[in-house]
Amino acid sequence: MSAAVRTIADVAAEPFRSVADAVHALSEIDDRGIWADGQLTPWSQATRESAVRIAALRELMGSRADVSSSSDSSPGAPAAPDAPHPHVGLLMSGTPEYLHLLGAAACSELVVAGLNPTRRGEALLRDATLANCAVILTDADNEALLDGLDAGVPVISVDSPEWSSLLTRHADATLPAPDTVPTGADDLVALVFTSGTSGDPKAVRITQSKISVPGRMLAERFEMGPADCVYSAMPLFHSNAVMVAWPIALFAQCSIAQRRRFTASGWLDDVRRYGCTFANYVGAPLSYILATAERPDDADNPMRVVYGNEAPADVRHEFTRRFGARVVDGFGSSEGGLSISRTPDTPDAALGPLPAGVRIVDVETGAECPRARFDADGALVNPDEAVGEMIADGPGLFAGYWGDPSADAERMRGGRFHSGDLAYVDDDGYVYFAGRSGGWMRVDGENLAAAPIERVLRRHPDVAEVGVYAVPAAEVRGPGAIGDAVAAAVVLRGDTDATVACWFAEGLGDFLAGQHDLGPKQWPTLLRITSALPRTASFKFRARDLTALGAEPAGDRVWVRGQGAEGFSPSA
């Protein structure tokens, strides 16, 4: 393997630099800043806007915001009681206003809690309550989500005269000196909710170090400097934007182009308009961009690096070919307990070299898994013993969940960070993602993971997106069948009318038979052809929605494969 890429652990071992320090350092910069809707807010003005919001929120929240620190537990340790510290809920689109409020939290005792606008009704209120929000700020795009709901706390739209008046009263405010507010490595800046792909979302504690360390590491790794521009269109309530896009701009002292929400058709125009050289992503956005009509001049753009996670190898290669940008896919989670970085010689299907202090262990016994073995065709021949959970020997950047000590204890069992992600390692020490522990399937007495099956199905030239998940075997094989059956939901390229869907389903068996690294038990038993995969607001595949449907079409086209058969037939 090649020389190791500079990692989060490397930067974490160096002298700490707070996000507050990075914001303060921008206060005299007038030629760079936040781009949005064609307008530049210079950093000098943006830092003043954050100062105004600190003063305004202190008035709005009164003594409730007057706390010495919101750092009430050491990283990775079970959280102490969280109730004394009220927070500011943000139910907003990705605007400069959101960045001003993040800056305000980084430079004061305030803590912001990003609320997911895809949550509805009581579920949305549940998140705000869990995050101990003393006030909720929303905007014209999202305020209707709270109509008819009793939030129990003040709700103010940042597009309202009330908010404008409040800001005007504090127009002369200045940023607090860093030594007068809690801006240490373990002090809390924000709460970010997990995607909730299994169970209710948990509020992840985002500390100064959890933003600063990856921001510094990535800015250095990709040689970002004042002449660069970060393109940020991922949701700001998600950790990817808070820990990747925004802090890179802060520590590189470059501009950031902020979009209210991601749009595939507008991506290239935005990149050219603002001179963007770096972009972040999670999940499917690169596939969505590639689905737009190709133009001869697509590669005529300033983009140098696109960084994120969960983009398949074929998507990464095609994106680089078409747009001329280097795509770097890393691996990490909102919790920050472990991360894996690709090296130049990492195999396409792998995440990267297994980091020091990270192991793959049997989910039941805790014993370290043996290395993966492959047959001549590259098929994994020992999944039952090689696939296990990724765990780290310490907490890494994990600072716990807010108000959920039982979840902290579960995540940090035995003093080790349990990621909940499945993987296996080859003889050269490269890690391969195998899915999430909730996606572990038990098929005919054998444990199977979703990710290797997805990698094979993506090879089909007509497949644009695929999600593999489990359904109860009894629902597709009839009463008496036990365990799980493999199901695959597929989005086809181009038109997906009934004729095209039938042609694909009827020919899929021949395609699968030609994939020699796909074992017989890995073949899908249920095939769902759909127009779009269910995804979270952060573009992660939400398998549980389709598991709940079983073999019900629910507007899709569904085929099933009989026991031992190669062909698929329409579901009855």
Side-chain angles (χ1 to χ4, degrees), residues 34-39 41 45-62 64-65 86-108 110-173 189-193 201 203 232-238 241-242 246 256 258-263 537-538:
I34 303 170
W35 283 104
D37 299 324
Q39 300 294 316
T41 302
Q45 179 183 342
T47 57
R48 291 194 297 271
E49 298 291 355
S50 290
V52 169
R53 279 145 186 82
I54 293 171
L57 287 167
R58 282 175 172 172
E59 177 191 329
L60 185 64
M61 300 172 70
R64 291 176 297 176
H87 303 149
V88 181
L90 303 184
L91 183 63
M92 298 166 51
S93 299
T95 59
E97 179 68 46
Y98 206 124
L99 294 184
H100 298 333
L101 290 161
L102 278 172
C107 295
S108 73
L110 298 170
V111 175
V112 293
L115 300 176
N116 185 340
T118 65
R119 300 274 282 173
R120 293 293 186 271
E122 294 303 317
L124 182 58
L125 291 184
R126 172 260 179 201
D127 294 350
T129 301
L130 174 64
N132 198 31
C133 296
V135 61
I136 296 175
L137 299 183
T138 185
D139 56 19
D141 293 342
N142 296 281
E143 58 186 335
L145 297 177
L146 296 169
D147 286 351
L149 299 177
D150 181 9
V153 297
V155 176
I156 300 175
S157 172
V158 296
D159 296 318
S160 69
E162 179 184 4
W163 182 247
S164 296
S165 177
L166 183 61
L167 298 183
T168 299
R169 290 202 294 274
H170 299 281
D172 295 330
V189 175
L191 298 178
V192 167
F193 282 91
S232 174
M234 296 296 98
L236 284 172
F237 60 81
H238 186 263
V242 175
W246 179 58
I256 183 170
Q258 187 61 49
R259 214 182 207 286
R260 283 180 175 269
R261 59 182 59 84
F262 170 77
T263 169
S538 53

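In this text, all values refer to a predicted model and were calculated from it rather than measured experimentally. Note that the numbering runs from 1 along the sequence shown for the chain.
Summarising the geometry, atom CG belonging to Leu99 is positioned 9.5 Å from atom OG1 belonging to Thr41; distances are rounded to the nearest 0.5 Å. In this structure, Phe193 CZ and Arg119 CZ are separated by 8.0 Å, a value rounded to the nearest 0.5 Å.
For Gln258 (side chain) and Ser232 (main-chain N/O), a donor-acceptor pair under 3.5 Å exists by modelled atom type. Ser165 places no side-chain N or O within 3.5 Å of a backbone atom of Pro161 that could act as its donor or acceptor partner. Within the 3.5 Å criterion, the main-chain N or O of Ala113 finds no donor-acceptor partner in the side chain of His87. Proximity of a side-chain donor or acceptor of Thr138 to a complementary backbone N or O of Ser157 within less than 3.5 Å is not detected. Asp37 places no side-chain N or O within 3.5 Å of a backbone atom of Gln39 that could act as its donor or acceptor partner.
Contact check on Arg53 versus Glu49 returns a salt bridge, with a Lys/Arg side-chain nitrogen under 4.0 Å from an Asp/Glu carboxylate oxygen.
The salt bridge (charged side-chain N to carboxylate O under 4.0 Å, His left out) search around Glu162 returns none, not counting sequence neighbours. Ala140 meets the side-chain contact (heavy atoms from CB on, under 4.5 Å) test with Glu143, Asp159; sequence neighbours excluded. Partners of Asp141 according to the side chain to side chain donor-acceptor pair (under 3.5 Å) rule, which considers only residues two or more places apart in sequence or in another chain, are Ser93, Arg260.
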(request) Take Tyr98 and Val112, measure what side chain to side chain contact (heavy atoms under 4.5 Å, CB included) needs, and give me the verdict at the end. (result) CA-CA 10 Å; Tyr98 206 124; Val112 293; 5.7 Å; no

